[in-house]
Amino acid sequence: MDAHDLITRNAAEVVTEEEVEEIAADLEERSSSGSRTQSGDPEGKRAYVGYEPSGVLHIGHMLGANKLIDLQEAGMEVVILLADVHAYLNGKGTFEEIRETATRMQEQFVAYGLDEERTEFVLGSEFQFGEEYTLDLHALELETTLSRAERAMSEIGSGDSVTVSQAVYPLMQALDIEYLDIDLAVGGMEQRKVHMLARDTLPSIDYEAPTCLHTPLISELSTGIGKMSSSSGVTISMEDSTEEIEDKVNGAFCPAGEVDPEPTEEDEARNNPVLEIFEYFVFPRFDEVVVARPDEYGGDLRYDAYEQLVSDFASGELHPADAKSALARYLDSLIEPGREKLMEQRGG
RNA sequence: CCGCCCUUAGCUCAGACUGGUAGAGCAGCCGACUGUAGAUCGGCUUGCCCCCCGUUCAAAUCGGGGAGGGCGGACCA
């Protein structure tokens, strides 16, 4: 797979396609000339994603990590911002508490499969209190209306009250992209308003508009309606036991043969979360997927591409129950190293 | 600072005028039916009624104080 395909595979959108092509072309040129990207190389292409530190990685973090692994493979340098200041601004606790969870999070990312040598972890507070940063932040504040900043914070639900800190939050995200010298800003689709704000406002203080890549959001597991969230409903995380994974996956909405389930009576869009997780988690990380199937139903099935699995599912050849048990098994093996790290962290 | 409104189950709210320690819908959980889940049936759980003080035999309900949240406070209409 070439650099461009690695960058864009399983991405919900890229802004803009032209800008990504430029990055990909540059990576291709460098790899063919034999100059493998070294960390800290001023010419290297850098991608980043930012997360508020949380003690336990959940499926959203893992989805982002999958993309970062793709980007590393494509030759990019990868930066994970452990956004302690952002977490503080979002009311997640004291700096001490937040920083402690930041360390745990970093270890879990490595356990999940990020190359430790090629991943740079940066604590937001390392650079976000600098004088220059602060002045730039105020300059951005001058360029941004409250309502625009408020709209960019996806976590703010209607009806919730908004603090000034939450309005500053997205502006800092924009500035981080510049200060970390990022060529590609990565985030889930819930980050697109923040990134669009960054593209609009950074040029007004004479910085470049960042190129952005957004990963899809997985549908709510038990209904297929809306998006899976770490704050409500069923979510999958690194602290799930094998049994919990099995139970959660087994409880997932998964109508037989329906790749594109019908909307609900209230006209809410529905997706098949089981297929989504196969597509975004399993196939990117495994060359071959084996679905164990009882002999009475025809024996095991083997796939080396997501499309093959979908086509069997659509035809009815692959039954949801078999798909689910296979999914639980693969998800479990993805989570296992992180789960062990987590137990180690808690035991010590 | 001042004024008005709100606070009851995880969520949206009823109950307050006419005191008798609480209800609905949704969600959730459990069974039946499906080789999964959903749908559909059947069953079940849940509450510092925002806090404190007072009146009363008895307070979610009445009185006082407080906290949190929403909206408003020039002009124009």
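The analysis underlying the following values was restricted to heavy atoms, covering all of them including side chains, and did not include hydrogens, waters or symmetry mates. Every chain is numbered from 1, with letters handed out A, B, ... down the list of sequences.
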Subject >> Watson-Crick or G-U wobble mate for B:rU18, both contacts under 3.5 Å >> reply: none

**OP:** Write down the distance between CD (A:Glu220) and P (B:rA27), rounded to a whole number of angstrom.
**Re:** 13 Å

**OP:** Could you check which nucleotide pairs with B:rC13 in any of the strands shown, counting Watson-Crick or G-U wobble with both distances under 3.5 Å?
**Re:** B:rG23

Original post:
Of A:Thr223 and A:Arg270, whose nearest nucleotide on RNA chain B comes first from the 5' end?
Top reply: A:Thr223

Subject >> Atom C1', compared across B:rU8 and B:rG23: separation rounded to whole Å >> reply: 10 Å

Subject >> Pairing partner of B:rC62 (Watson-Crick or G-U wobble, both distances under 3.5 Å) >> reply: B:rG54

Original post:
Which value, rounded to the nearest 0.5 Å, describes the distance between A:Thr242 atom OG1 and A:Arg339 atom CZ?
Top reply: 4.0 Å

Subject >> For B:rG3, the Watson-Crick or wobble partner whose two distances fall under 3.5 Å >> reply: B:rC71

Subject >> Spacing of the P atoms in B:rC26 and B:rG20 (rounded, Å) >> reply: 28 Å

Original post:
What is the distance from CG of A:Asp322 to P of B:rU34, rounded to the nearest Å?
Top reply: 18 Å

**OP:** Figure out the CD/C1' separation between A:Glu258 and B:rU36, and round it to whole Å.
**Re:** 13 Å

Subject >> SB check A:Glu13 A:Arg192 (cutoff 4.0 Å) >> reply: yes

**OP:** In whole angstrom, give me the gap between the P atoms of B:rC33 and B:rG25.
**Re:** 27 Å

Original post:
Taking CG from A:Leu221 and P from B:rA37, how many angstroms apart are they, rounded to a whole number?
Top reply: 14 Å

Original post:
Looking at A:Glu73 and A:Arg118, does any basic side-chain N land under 4.0 Å from a carboxylate oxygen?
Top reply: no

Original post:
Is B:rG42 paired to anything, Watson-Crick or G-U wobble with both distances less than 3.5 Å, and if yes, which nucleotide?
Top reply: B:rC30

Subject >> Separation between the P atoms of B:rG54 and B:rC44, rounded to whole Å >> reply: 41 Å

Original post:
Which of these nucleotides, B:rG35, B:rG38, B:rU36, is closest to any side-chain atom of A:Pro320?
Top reply: B:rU36

**OP:** Give the ring-plane orientation class for A:His214 versus A:His195, where under 30° counts as parallel, over 60° as perpendicular and anything between as tilted.
**Re:** parallel

**OP:** Sticking with atom C1', work out how far B:rC48 lies from B:rU56, rounded to a whole angstrom.
**Re:** 22 Å

Original post:
Expressed in angstrom and rounded to an integer, what is the separation of A:Ile225 atom CD1 from B:rA37 atom P?
Top reply: 17 Å

Subject >> Inter-nucleotide C1' distance (B:rG47, B:rG10), Å rounded >> reply: 11 Å

Subject >> Neighbour count >12 (heavy atoms, 6.0 Å) for atom CD, A:Glu131 >> reply: no

**OP:** Establish, for the pair A:Arg285 and A:Tyr112, whether the NZ or CZ atom is under 6.0 angstrom from the six-membered ring centre and no further than 45 degrees off its axis.
**Re:** yes

**OP:** Identify which nucleotide among B:rG38, B:rG35, B:rA37 has an atom closest to any side-chain atom of A:Lys324, counting heavy atoms from C-beta outward.
**Re:** B:rA37

**OP:** Select base, sugar-phosphate, or nothing to describe what A:Ala256 touches, counting heavy atoms under 4.0 Å on all strands.
**Re:** base

Original post:
Using purine N1 to pyrimidine N3 plus N6-O4 or O6-N4 for Watson-Crick, or N1-O2 and O6-N3 for G-U wobble, both under 3.5 Å, which nucleotide pairs with B:rU36?
Top reply: none

**OP:** Quote, to the nearest angstrom, the C1' distance that separates B:rC2 from B:rU45.
**Re:** 47 Å

Original post:
For the pair made of NE2 in A:His319 and P in B:rG38, what is the distance, rounded to whole Å?
Top reply: 14 Å

Original post:
Are a donor atom and an acceptor atom from the side chains of A:Asp183 and A:Tyr48 found within less than 3.5 Å of each other?
Top reply: no

Original post:
What distance, rounded to whole Å, do you find between the two P atoms, one in B:rA37 and one in B:rC52?
Top reply: 46 Å

Original post:
Given atom OH of A:Tyr297 and atom C1' of B:rG35, what is their separation to the nearest angstrom?
Top reply: 4 Å

Original post:
Within the structure shown, what part of the strands sits under 4.0 Å from A:Arg293 by heavy-atom distance: base, sugar-phosphate, or nothing?
Top reply: nothing

Original post:
Atom CD of A:Glu276 and atom P of B:rA37: how far apart are they, to the nearest Å?
Top reply: 19 Å

